[in-house]
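The structure appears below as structure tokens.
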Amino acid sequence: LAQKPGGQSPARLSRTLSLKQQESNRLELLMRHALLSDGFELFYQPILDRERRLQSMEALLRLRDGDGRMVTPTLFIPVAETSGIILPLGNWVIQQACRQIRSWQLAGHRVVPIAVNVSPHQIAQPSLSTDVQVTLEELELDPALLHLEVTESSVMLHPIVALENMEKLSGLGIQFSIDDFGTGFSSLDRLHQLPVSTLKIDRSFVSRMMDANGTRPIVITVISMAHALGLSVIAEGVETEDQFSTLCEMGCDLFQGFLFSRPIPATEAVPLFG
Ligand code: C2E
Ligand code: MG
Ligand code: MG
Ligand code: MG
């Protein structure tokens, strides 16, 4: 069969598709197994203020491969979403993060809130707010110690249920942030209606901020808009001192990135509490 330059023959195309399908089947099995056998782990990445004091931490999911290697969430979260595993998995993440703060508290540490990522299907689950409330009550955990991160597009998938969940959960005292802010396409009007306290400027804007004709004006605008709306701003993906000092000058409130720390296992987070 003739092949167009740069294109793929139908046979090769179907071979690639089935390879993709095989890989996603493999990941699905790996995740189902991991859920039953403690194969998932939460890492924690510090979020600091301008004085580099620890203010909170983001919980980031890790999956161990059969060979002990770590699989990145950017590969398995999409498969978890399409296969439905995200619902039990998302519950596990919330419970695990809450158990972790509680056990740190009981060990006498000065804990900080943990931010948990909530997926589009999770925020659209009518039972989410009750599930979270039950978890907090069972652990006798202060809801102010749990933050939840949603993206603009995840809220837009089923806006009515999502908003209901967010209203109920923020009524309990849980704070919401909008993750990857600037990459979605929700309206400012929608943003204004959501019970959120924080915007997280997407890493892509931070990383291109220092370039000539870079994203500097966007970052300045997001920070001033957030402040005008009474929201605080977290810059994601801060990797250099230059970016950090520029963001400080711009009035950014909180910072997260490899400059300060990579995501670390729970045991390594303990010394950070001071
Ligand atoms: P996210 O929520 O935007 O998390 C931030 C990601 O940026 C993390 O990647 C983190 O390791 C990475 N990062 C932080 N600082 C830097 C930096 O300075 N430079 C660079 N290059 N990267 C930095 P990670 O852990 O691979 O997670 C990727 C995405 O997977 C997350 O993006 C989030 O969307 C999703 N994810 C992770 N854990 C969960 C979870 O428990 N539930 C759900 N639904 N999604 C999760
Ligand atoms: Mg996040
Ligand atoms: Mg993010
Ligand atoms: Mg991101």
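Read the numbers this way: they start at 1 and go in the same order the structure lists the ligands and their atoms.
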**Message:** Give me each pair satisfying side chain to side chain donor-acceptor pair (under 3.5 Å) with a member in residues 204-223, each pair once, sequence neighbours excluded.
**Reply:** Asp202-Ser204

**Prompt:** Taking only heavy atoms of Gly257, which atoms of ligand 1 are found under 4.0 Å from at least one of them?
**Reply:** 15 (N), 18 (O)

**Message:** Against ligand 1, does Arg62 come closer than 4.0 Å with any heavy atom?
**Reply:** yes

**Message:** Please check if the number of heavy atoms outside Glu140 that lie under 6.0 Å from its CD is greater than 12.
**Reply:** no

**Request:** Just let me know how Asn117 lines up against ligand 1, side chain, backbone, both or neither, with a heavy-atom cut-off below 4.0 Å.
**Result:** both

**Prompt:** For atom 29 (C) of ligand 1, which candidate among Leu89, Val93, Thr74 holds the nearest heavy atom?
**Reply:** Thr74

**Prompt:** Is the ring centre of Phe244 less than 6.0 Å from the ring centre of Phe260?
**Reply:** yes

**Asked** Tell me, do Ile174 and Val132 make a side-chain contact under 4.5 Å, heavy atoms counted?
**Response** yes

**Asked** For ligand 1, is Glu58 a contact, meaning one of its heavy atoms is under 4.0 Å away?
**Response** yes

**Shortest-distance N, O or S atom of Asp180 relative to the Mg ion (ligand 3)** = OD1

**N, O or S atom within Glu149 nearest to the Mg ion (ligand 2), by name** = OE1

**Message:** Salt bridge or not between Glu58 and Lys200? Use side-chain N to carboxylate O under 4.0 Å.
**Reply:** yes

**Complete:** So for Thr72 against ligand 1, with non-hydrogen atoms under 4.0 Å, the contacting part is side chain

**Message:** Nearest non-hydrogen contact with atom 2 (O) of ligand 1 belongs to which option: Asp179, Leu60, Val238?
**Reply:** Asp179

**Prompt:** Do any nitrogen or oxygen atoms of Phe258 come within less than 3.5 Å of a nitrogen or oxygen of ligand 1?
**Reply:** yes

**Item:** Row check, Phe43 ring normal vs Arg62 NZ/CZ: under 6.0 Å, within 45°
**Value:** yes

**Asked** For ligand 1, is any non-hydrogen atom under 4.0 Å from Pro263's backbone (N, CA, C, O), its side chain (CB onward), both, or neither?
**Response** side chain

**Message:** At less than 2.8 Å, would any N/O/S atom of Glu58, backbone or side chain, sit next to the Mg ion (ligand 3)?
**Reply:** no

**Prompt:** To which of Ile77, Leu61, Thr240, Val116 does the heavy atom nearest atom 35 (C) of ligand 1 belong?
**Reply:** Ile77

**Request:** Identify whether the distance between the nearest side-chain nitrogen and carboxylate oxygen of Lys20 and Glu23 falls below 4.0 Å.
**Result:** no

**Prompt:** Which ligand 1 atoms, with their elements, are less than 4.0 angstrom from a heavy-atom of Glu239?
**Reply:** 17 (C), 18 (O), 19 (N), 20 (C), 21 (N)

**Asked** Is it the side chain, the backbone, both or neither of Arg262 that has a heavy atom closer than 4.0 Å to ligand 1?
**Response** neither

**Prompt:** Heavy atoms, side chains only, cut-off 4.5 Å: are Leu194 and Phe176 in contact?
**Reply:** no

**Prompt:** Could Arg102 and Glu137 be called an ion pair, given the rule that one side-chain N must be under 4.0 Å from one carboxylate O?
**Reply:** no

**Asked** Going from CD1 on Ile223 to NE2 on His227, what distance comes out if it is rounded to the nearest 0.5 angstrom?
**Response** 6.5 Å

**Item:** Whether Asp179 has an N, O or S atom under 2.8 Å from the Mg ion (ligand 3)
**Value:** yes

**Asked** Taking 2.8 Å as the cut-off, does an N/O/S atom of Asn117 lie below it from the Mg ion (ligand 2)?
**Response** yes

**Message:** Only N/O/S atoms count here: what is the atom of Glu236 closest to the Mg ion (ligand 3) called?
**Reply:** OE2

**Message:** Can you see whether Glu81 engages Ser119 through a side-chain donor-acceptor pair at a distance of less than 3.5 angstrom?
**Reply:** yes

**Message:** Applying a heavy-atom cut-off of 4.0 Å, say which part of Glu236 lies close to ligand 1: side chain, backbone, both or neither.
**Reply:** side chain

**Prompt:** Within a strict 4.5 Å, meaning less than it, do heavy atoms of the Arg99 and Leu139 side chains meet?
**Reply:** yes

**Asked** For ligand 1, which part of Arg203 has a heavy atom less than 4.0 Å away: the side chain, the backbone, both, or neither?
**Response** side chain

